[in-house]
Structures are given as structure tokens and as C-alpha cells.
*Asks:* 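First, the structure itself, so that you have it in front of you.
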Amino acid sequence: VDPELAQSKLDLFRNDNSSDLSAFKNELLNTKLTGYSSIAFLLFLLGPIVGSTCLAALAAGWFPEWPGIDNLPYSLLFGPGFWTIPGYWI
């Protein structure tokens, strides 16, 4: 953290005379927004990779003879469909 930036923010918070501490609340809201949006973006990027890996492992472990394993995740809706899985359940 840049010491000059940190000191300027501390001075801003110290000199805020409003009854609801609006400067601190605005900075806190901006920080939370930045943090939550970065987590959401990371999950957006990693979601399909993790999801497909977990789905493939689930299919290989619980219904290995189902003919739609090769075309996951599309075969859940098109092809054999998820409704045919109970016939191949271990």
C-alpha cells in the first residue's frame, strides 16, 4: 500500500464530520464491490472448467456405461438425455 495514499484516506476519514460517516461508508462499499466482483469474475472463468471436470468424474463413477458420457454436458439435454441415466445407474 502506498503510504501517501493510506495517509490521505486516514485524513479523509478523520476529517469527515458527517453524522453517518459517509466517506468511510463509501470507501467500504467501493472496496466490497471490487472484492465481490473479482470473486465473481474468477468463478465465471473457472466455473466451466471445474464444472465439466466434476461432471465427467461423476459420470465415470456413478453411471459409467451411459452412452452420453463422451458428449457431456450437451448429452444431458440432447442425445440420450439426463432422463435415461437411471437405466445406467450403478
Side-chain angles (χ1 to χ4, degrees):
V1 175
D2 182 24
E4 294 176 6
L5 177 65
Q7 187 61 47
S8 68
K9 287 192 179 194
L10 285 172
D11 292 338
L12 174 69
F13 299 152
R14 186 179 303 128
N15 296 330
D16 186 16
N17 294 327
S18 62
S19 63
D20 63 347
L21 301 173
S22 61
F24 181 73
K25 286 183 180 180
N26 289 338
E27 282 296 320
L28 181 63
L29 185 62
N30 286 338
T31 305
K32 282 184 178 181
L33 180 64
T34 302
Y36 287 140
S37 62
S38 63
I39 290 171
F41 185 67
L42 181 66
L43 290 177
F44 172 75
L45 290 177
L46 292 177
I49 297 167
V50 172
S52 64
T53 303
C54 290
L55 191 61
L58 175 90
W62 287 98
F63 37 95
E65 296 175 358
W66 184 56
I69 288 180
D70 296 332
N71 296 324
L72 281 173
Y74 304 109
S75 60
L76 290 172
L77 299 175
F78 310 108
F82 67 90
W83 53 88
T84 61
I85 290 175
Y88 298 95
W89 199 269
I90 290 181

*Asks:* Go through the structure and list residues passing side chain to side chain contact (heavy atoms under 4.5 Å, CB included) with S19, not counting sequence neighbours.
*Replies:* none
*Asks:* Could you list the residues that satisfy ring pair (Phe, Tyr, Trp, His ring centres under 6.0 Å) with F13, not counting sequence neighbours?
*Replies:* F24
*Asks:* Identify the two heavy atoms, one from I69 and one from P64, that lie closest to each other, and give their separation to 0.1 Å.
*Replies:*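 So the two residues come closest at CD1-O, 3.4 Å.
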*Asks:* Restricting to pairs with a member in residues 5-15, which pass side chain to side chain donor-acceptor pair (under 3.5 Å), not counting sequence neighbours?
*Replies:*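 Qualifying pairs, neighbours excluded: Q7-D11, K9-E27, D11-R14.
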*Asks:* Show every side chain to side chain donor-acceptor pair (under 3.5 Å) that has at least one partner inside residues 70-90, sequence neighbours left out.
*Replies:* W66-T84
*Asks:* Should side-chain heavy atoms under 4.5 Å link Ile, Leu, Val, Met, Phe, Trp and Tyr, which residues sit in the same cluster as L10?
*Replies:* none
*Asks:* Extract all donor-acceptor atom pairs below 3.5 Å that involve side chains of residues 32-39 and protein atoms in other chains or at least two apart in sequence.
*Replies:*
from, atom 1, to, atom 2, distance (Å)
T34, OG1, N30, O, 2.9
S37, OG, L33, O, 2.8
S37, OG, T34, O, 3.0
S38, OG, T34, O, 3.2
S38, OG, G35, O, 2.7

*Asks:* Return a table of donor-acceptor pairs under 3.5 angstrom between the side chains of residues 40-59 and protein atoms on other chains or two or more places apart.
*Replies:*
from, atom 1, to, atom 2, distance (Å)
S52, OG, P48, O, 3.0
S52, OG, I49, O, 3.1
T53, OG1, I49, O, 2.8

